Amino acid sequence: MSAIGADLAGRLRPLVRDVPDFPSPGVVFRDITPLLADAAAFSDTIDGLGDIGAEVDLVAGVEARGFILGAPVALRLGAGFVPVRKHGKLPGDTHAAAYALEYGEAVIEVHQDAFRPGQRVLVVDDVLATGGTLAATVELVRRTGAEVVAASILVEIAALGGRAHVADVDLRTVLVY
């Protein structure tokens, strides 16, 4: 389990702004839109998230900002991309997992045929807070018989302890708050 390059973190940190009390009172939202708007920073972010030192078959990106980050990581790695969606957004047969958020509860889903047994998967998301979303995503991937090689996260909110919910995953983060 590791952080991804202090130099990269130093360049990117000023491009993530804090938005207090969003989406609910007491929550500090980490807004990555300034980072996404900076072409060089966005490219460096994608490189950092994809630098896991292992080959993967698929990248699973978690709705919604995990799509923005995960799809270009998949392209850089020469891998396919699988969207992990909120409940009710995918047609056809799905696997679902419920989880707790910092400010509520939710359900995510993937198509039942999204992963095949033995495929190597990198999970990409924007924020690791309480760990519920990432743990649910890992559960969905593993339920299909695929292997979670690593998880790459842009922002980790360390005080919320999310890392503990995925202790058996090679977890890599770019920015730790």
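Everything numeric in this text was worked out from a predicted model, so none of it was measured.
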(message) Do the side chains of Lys89 and Glu63 get close enough for a salt bridge, i.e. N-O under 4.0 angstrom?
(response) no
(request) Working to the nearest 0.5 Å, report the span between OG of Ser152 and CD1 of Ile52. (result) 6.0 Å
(request) Calculate, to the nearest 0.5 Å, the distance between atoms CG and CG belonging to Leu175 and Leu12 respectively. (result) 5.5 Å
(message) For Arg116, is the CZ atom crowded, meaning more than 12 foreign heavy atoms sit under 6.0 Å from it?
(response) no
(request) State the CG-CG distance between Asp57 and Leu122, to the nearest 0.5 angstrom. (result) 11.5 Å
(message) Are the side chains of Ile46 and Leu69 in contact, using a 4.5 Å heavy-atom criterion?
(response) yes
(message) Quick check: closest heavy atoms across Thr144 and Pro117, and the distance to 0.1 Å?
(response) O-CG, 3.5 Å
(request) May I ask you to say whether Glu147 pairs ionically with Arg120, meaning some side-chain N is under 4.0 Å from a carboxylate O? (result) yes
(message) Quick check: closest heavy atoms across Leu35 and Ala41, and the distance to 0.1 Å?
(response) O-CB, 4.1 Å
(message) A side-chain contact here means heavy atoms from C-beta on lying under 4.5 Å apart; do Asp51 and Arg172 qualify?
(response) no
(request) Could you tell me whether the side chain of Leu134 reaches within less than 4.5 Å of the side chain of Leu171, counting heavy atoms only? (result) yes
(request) Check whether more than 12 heavy atoms from other residues, nucleotides or ligands sit under 6.0 Å from atom CD of Glu55, and answer yes or no. (result) no
(message) Working to the nearest 0.5 angstrom, can you tell me the gap between Ile32 CD1 and Asp38 CG?
(response) 12.5 Å
(message) Could you check whether Asp168 pairs with Arg142 (Lys NZ or Arg NE/NH1/NH2 to Asp/Glu carboxylate O, under 4.0 Å)?
(response) yes
(request) Report yes if the side chains of Val149 and Asp170 come closer than 4.5 Å at any heavy-atom pair, otherwise no. (result) no
(request) Check Leu58 against Ala114 and note the closest heavy-atom contact, atom names and distance. (result) CD1-O, 3.6 Å
(message) Treating His111 as the side-chain partner and Pro91 as the backbone partner, does any N or O pair qualify as donor plus acceptor under 3.5 Å?
(response) yes
(message) Rounded at 0.5 Å granularity, tell me how far OG1 in Thr173 sits from CG in Leu154.
(response) 9.5 Å
(message) Determine whether a donor-acceptor pair (N or O, by modelled atom type, separation under 3.5 Å) exists between the side chain of Gln112 and the backbone of Thr94.
(response) yes
(request) Please check if any side-chain donor atom of Ser43 sits under 3.5 Å from a side-chain acceptor atom of Arg76, or the reverse. (result) yes
(request) Scan His87, Arg85, Lys86, His95 and name whichever one has a side-chain hydrogen bond (donor to acceptor under 3.5 Å, both in side chains) with Glu109. (result) His87
(message) Within the 4.5 Å heavy-atom criterion, are Tyr177 and Val28 side-chain neighbours or not?
(response) no
(message) Going by the rule side chain to side chain donor-acceptor pair (under 3.5 Å), which residues pair with Arg13 if we only count those two or more places apart in sequence or in a different chain?
(response) none
(request) For Val155 and Arg30, work out which heavy atoms get closest and say how close. (result) CG1-CG, 3.8 Å
(message) Test of understanding: with salt bridge (charged side-chain N to carboxylate O under 4.0 Å, His left out), list the residues that count as partners of Asp31, not counting sequence neighbours.
(response) Arg17
(request) Using salt bridge (charged side-chain N to carboxylate O under 4.0 Å, His left out) as the criterion, list what pairs up with Asp125, not counting sequence neighbours. (result) none
(message) Is there a continuous path of hydrophobic side-chain contacts, each under 4.5 Å between heavy atoms, that joins Val82 to Leu90?
(response) no
(message) Please give me the minimum heavy-atom distance between His165 and Ala135, naming the atom from each residue.
(response) O-CB, 3.9 Å
(request) State the OG1-CD1 distance between Thr45 and Ile68, to the nearest 0.5 angstrom. (result) 12.0 Å
(request) May I ask whether Leu36 and Val174 are part of the same hydrophobic cluster, defined by side-chain heavy atoms of I, L, V, M, F, W, Y residues being less than 4.5 angstrom apart, directly or through others? (result) yes
(request) Check Phe67 against Pro72 and note the closest heavy-atom contact, atom names and distance. (result) O-CD, 4.1 Å
